[in-house]
Amino acid sequence: MSTAHGTTTPPGVPGPRPWSADPYSDALVTGRGPLFLRRTDGWLLPLEVERWCARADAVDLTVLGRCEGTVLDVGCGPGRLVAELAARGRPALGIDVSEAAVAHTARLGGQALWRSVFEPLPGEGRWDTALLLDGNVGIGGDPAALLRRMAQLLTPGGLLIVETLADVDVDERVSVHIVRVADPRSTAGPAFPWARLGTPALLRHAASAGWHREGQWSAGGRSFVALRNRDGRDGPDDRDDRDDREDRDDRNSRSTSSAAEPPNSTAVINSQRARKPSPESPVANR
């Protein structure tokens, strides 16, 4: 998941960064909680710090097995997924607004950038796969805006894999704080907007934004949806249209095929490497 004192922010970004708050940074150092998101009415959402700081588990691996080409992990947290992708030889970059999370990802051997998804990013419009896992569909508290941003980052026909709340139809916008303990009197970092979505709500937002559902599945008590952006390859609902397109002349068929070809993966990732770590660049080259 993608949050110390707000005085530490990437260049050009005003205001506090809640996921850079001391409770979250400290939890990443120790690799354990307890840590919660606390809503203004006192409701608490436990954060799975231990799982995030561990190696990618069996459920994670089923998700990573669906990834295509270059992968952007949005809200990479301590980097278990980026590190696993790197170990598999798949070009991948994590982004996170927590400096501690980016540093942790680098220690695991993954590449990561200290940046918000809503800031300029390397390779915009050229990523083959993007991940919004561990609740990160809630980033910014506006799922529609986040889905639009993801479409800008992906190549035409790119794949977006989103984790949703399991077995519930929730579509919630909230203001939350990060806290260490369940005591409602405990000190909290700055409030920030967040969202919580079940699969039905995500599919409604995705359809409005022009995404096509590629598939959905559950594993280990977690739920996932795979989406294709509007300019992309066919989903299950588009097969009749695909059959019609196959009847077009060879020239149009060649043009359509060419437009969907992925970028050179090595070139995309090499453009993100830096001579030395800095808040402006990936930190993984050691």
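For clarity, every value in this text was computed on a predicted model and none was experimentally measured. Values reported hereafter were calculated over all heavy atoms of this structure, with side chains retained and with hydrogens, waters and symmetry mates removed.
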Row check, Trp217 ring normal vs Arg66 NZ/CZ: under 6.0 Å, within 45°: yes
Heavy atoms of other groups near Arg55 CZ, more than 12 under 6.0 Å: no
hydrophobic_cluster_shared for Leu146 and Leu165, side chain cutoff 4.5 Å: no
For Gly33 against Glu50, the heavy-atom pair lying closest together: N-OE2, 2.9 Å
Residue pair His205 / Asp171, side-chain donor-acceptor N/O under 3.5 Å: yes
Cationic N near anionic O, under 4.0 Å, Arg149 to Glu119: no
Any side-chain donor near an acceptor of the partner, Ser175 and Thr40, under 3.5 Å: no
Ionic contact status for Arg32 with Glu48, cut-off 4.0 Å: no
N-O pairing of Asp134 and Arg80 below 4.0 Å: yes
Trp127 with Leu227, same ILVMFWY side-chain cluster at under 4.5 Å: yes
Thr155-Asp128 side chain donor-acceptor pair, cut-off 3.5 Å: no
Option passing side-chain contact (heavy atoms from CB on, under 4.5 Å) with Leu131 (candidates Leu160, Asn136, Leu64): Leu64
Residues Glu172, Arg39; criterion salt bridge (charged side-chain N to carboxylate O under 4.0 Å, His left out); working and verdict: CA-CA 12 Å; Glu172 181 180 63; Arg39 207 163 56 189; 2.7 Å; yes
Linked, directly or transitively: Phe118 and Leu147 (ILVMFWY side chains, under 4.5 Å): yes
Short side-chain donor-acceptor distance under 3.5 Å, Thr199 and Ser223: no
